[in-house]
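Counting from 1, the numbers follow the sequence of the chain as shown. Fair warning: this is a prediction, and the values are worked out from it, not measured in the lab. Atoms within a ligand are numbered from 1 in the order they appear, just like the ligands themselves.
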Amino acid sequence: MSDTIGTVMITQQQINERAAEIGKQIKEDLNGEPVVLVGILRGAVLWMADIMKNTDLEMTIDFMAVSSYGSAKKTSGVVKINKDLDTDIEGKNVIIVEDIVDSGYTLNYLKGYFESRAAKTVKICTLLDKPEGRKVDIDVDYIGFTVDDRFIIGYGLDYDQKYRNLPYISFLED
Ligand code: IMP
Ligand code: MG
């Protein structure tokens, strides 16, 4: 994979519009109840801010950092928690905010983890979905955009920790 940035796939304006739609949907689905948004570091930070601003509910936020064991190219499905929640989520409505669902291992693990901590409801809100990468079946409640099986960068997503600050979504040329 080269370090050449591809064309713009999804613009800031498209993301803003989608976040507004999803925020409205979340409010409706939770019937006005309070919510805890849990952002998964570091890729979700920009999308997390968009969802926060567009969701008109009583809200608290928290963050987790996770990594999966195994080589960078091949995820093993075993997820390690590098930063745990600071919030007690028992009895709360939780929405996990992620940058991208690829194999599904990370979110599958996190959903089970939150359910084991007795959250009232656990939903998933991802900026991007890459269905061709899926290894484990998982229900994703809110999807910003569906993308092809390419290496995506920008708007929080990195390659070797770079490009997270691009204000749009692009990909790396093969
Ligand atoms: P999953 O467990 O395979 O679903 O992996 C999800 C994580 O892998 C995401 O949170 C990203 O950090 C990373 N990831 C997967 N696909 C891409 C990509 O195309 N670009 C950048 N990061 C990716
Ligand atoms: Mg991530």
Side-chain angles (χ1 to χ4, degrees), residues 1-12 14-15 18-19 22 26 36-52 61-86 89 94-117 119 122-174:
M1 198 155 42
S2 73
D3 249 59
T4 309
I5 302 176
T7 51
V8 176
M9 289 171 75
I10 303 167
T11 64
Q12 173 82 72
Q14 287 174 293
I15 297 169
R18 194 72 189 107
I22 290 175
I26 290 173
V36 184
L37 287 194
V38 178
I40 307 305
L41 297 170
R42 296 186 272 264
V45 286
L46 297 187
W47 181 235
M48 174 85 167
D50 292 337
I51 294 299
M52 285 168 64
I61 65 164
D62 203 345
F63 293 93
M64 284 182 81
V66 297
S67 53
S68 41
Y69 288 108
S71 70
K73 285 249 166 75
K74 222 177 164 215
T75 44
S76 58
V78 183
V79 174
K80 179 174 168 243
I81 296 178
N82 299 320
K83 184 224 168 290
D84 204 344
L85 292 173
D86 296 318
I89 58 164
V94 175
I95 299 181
I96 309 172
V97 182
E98 242 302 28
D99 54 356
I100 187 166
V101 187
D102 186 13
S103 69
Y105 286 136
T106 307
L107 282 169
N108 191 48
Y109 173 84
L110 287 173
K111 203 165 183 193
Y113 180 74
F114 287 13
E115 282 164 357
S116 77
R117 291 190 158 204
V122 182
K123 293 182 193 290
I124 294 171
C125 173
T126 187
L127 170 60
L128 301 172
D129 181 26
K130 208 197 269 186
E132 284 166 65
R134 205 69 95 251
K135 293 280 193 291
V136 57
D137 230 5
I138 177 155
D139 278 342
V140 184
D141 303 272
Y142 309 104
I143 296 171
F145 304 89
T146 300
V147 292
D148 296 336
D149 196 10
R150 278 175 152 163
F151 197 85
I152 310 295
I153 52 167
Y155 216 78
L157 289 94
D158 73 302
Y159 173 60
D160 207 10
Q161 298 302 328
K162 292 178 291 190
Y163 310 119
R164 294 192 194 275
N165 57 319
L166 294 181
Y168 54 86
I169 290 165
S170 184
F171 58 94
L172 285 185
E173 302 274 11
D174 295 316

- Note on the structure: Heavy-atom proximity to atom 1 (P) of ligand 1 ranks first, among Gly156, Gly43, Gly154, Ser103, for Ser103
- Query: Just which atoms of ligand 1 are under 4.0 Å from any heavy atom in Thr106?
  - Reply: 1 (P), 2 (O), 5 (O), 6 (C)
- Task: Could you tell me whether the side chain of Arg164 and the main chain of Tyr155 form a donor-acceptor pair under 3.5 Å?
- Result: no
- Item | Arg150 neighbourhood, listing ligand 1 atoms whose heavy-atom distance to it stays under 4.0 Å | 19 (O)
- What distance separates Leu46 CG from Leu127 CG, expressed to the nearest 0.5 Å? 9.0 Å
- Message: So for Ile40, does at least one of its heavy atoms come nearer than 4.0 angstrom to any atom of ligand 1?
- Response: no
- Any nitrogen or oxygen of Asp99, main chain or side chain, under 3.5 Å from a nitrogen or oxygen of ligand 1? yes
- Considering only heavy atoms from C-beta outward, does the side chain of Phe114 approach that of Leu85 to under 4.5 Å? yes
- Item | Heteroatom distance test (Gly104, ligand 1): nitrogen or oxygen, under 3.5 angstrom | yes
- Should we count NZ of Lys83 as having more than 12 external heavy atoms under 6.0 Å? yes
- With a cut-off of 4.0 Å, which atoms of ligand 1 are near a heavy atom of Glu98? 10 (O)
- Message: If we set the cut-off at 4.0 Å for heavy atoms, which region of Leu157 has an atom near ligand 1: side chain, backbone, both, or neither?
- Response: side chain
- Hey, what do you get for NZ (Lys111) to CG (Asp139), rounding to the nearest 0.5 Å? 5.5 Å
- Task: Please determine if Asp129 and Arg134 form a salt bridge, counting it only when a charged side-chain N lies under 4.0 Å from a carboxylate O.
- Result: yes
- Output the distance between atom NZ (Lys162) and atom CG (Leu157), rounded to the nearest 0.5 Å. 15.0 Å
- Item | Options Arg134, Lys135, Lys130, ranked by nearest heavy atom to atom 19 (O) of ligand 1, top entry | Lys130
- Message: Please list, in number order, the atoms of ligand 1 under 4.0 Å from a heavy atom of Asp158.
- Response: 21 (C)
- Message: Please determine whether the number of non-hydrogen atoms from other residues, nucleotides or ligands lying under 6.0 Å from atom CG of Asp137 exceeds 12.
- Response: no
- Query: With atoms numbered from 1 as shown, which atoms in ligand 1 lie under 4.0 angstrom from a non-hydrogen atom of Ile100?
  - Reply: 6 (C), 9 (C), 10 (O), 11 (C), 14 (N), 15 (C), 16 (N), 17 (C), 23 (C)
- Short N or O distance, Ile153 and ligand 1, threshold 3.5 Å exclusive: no
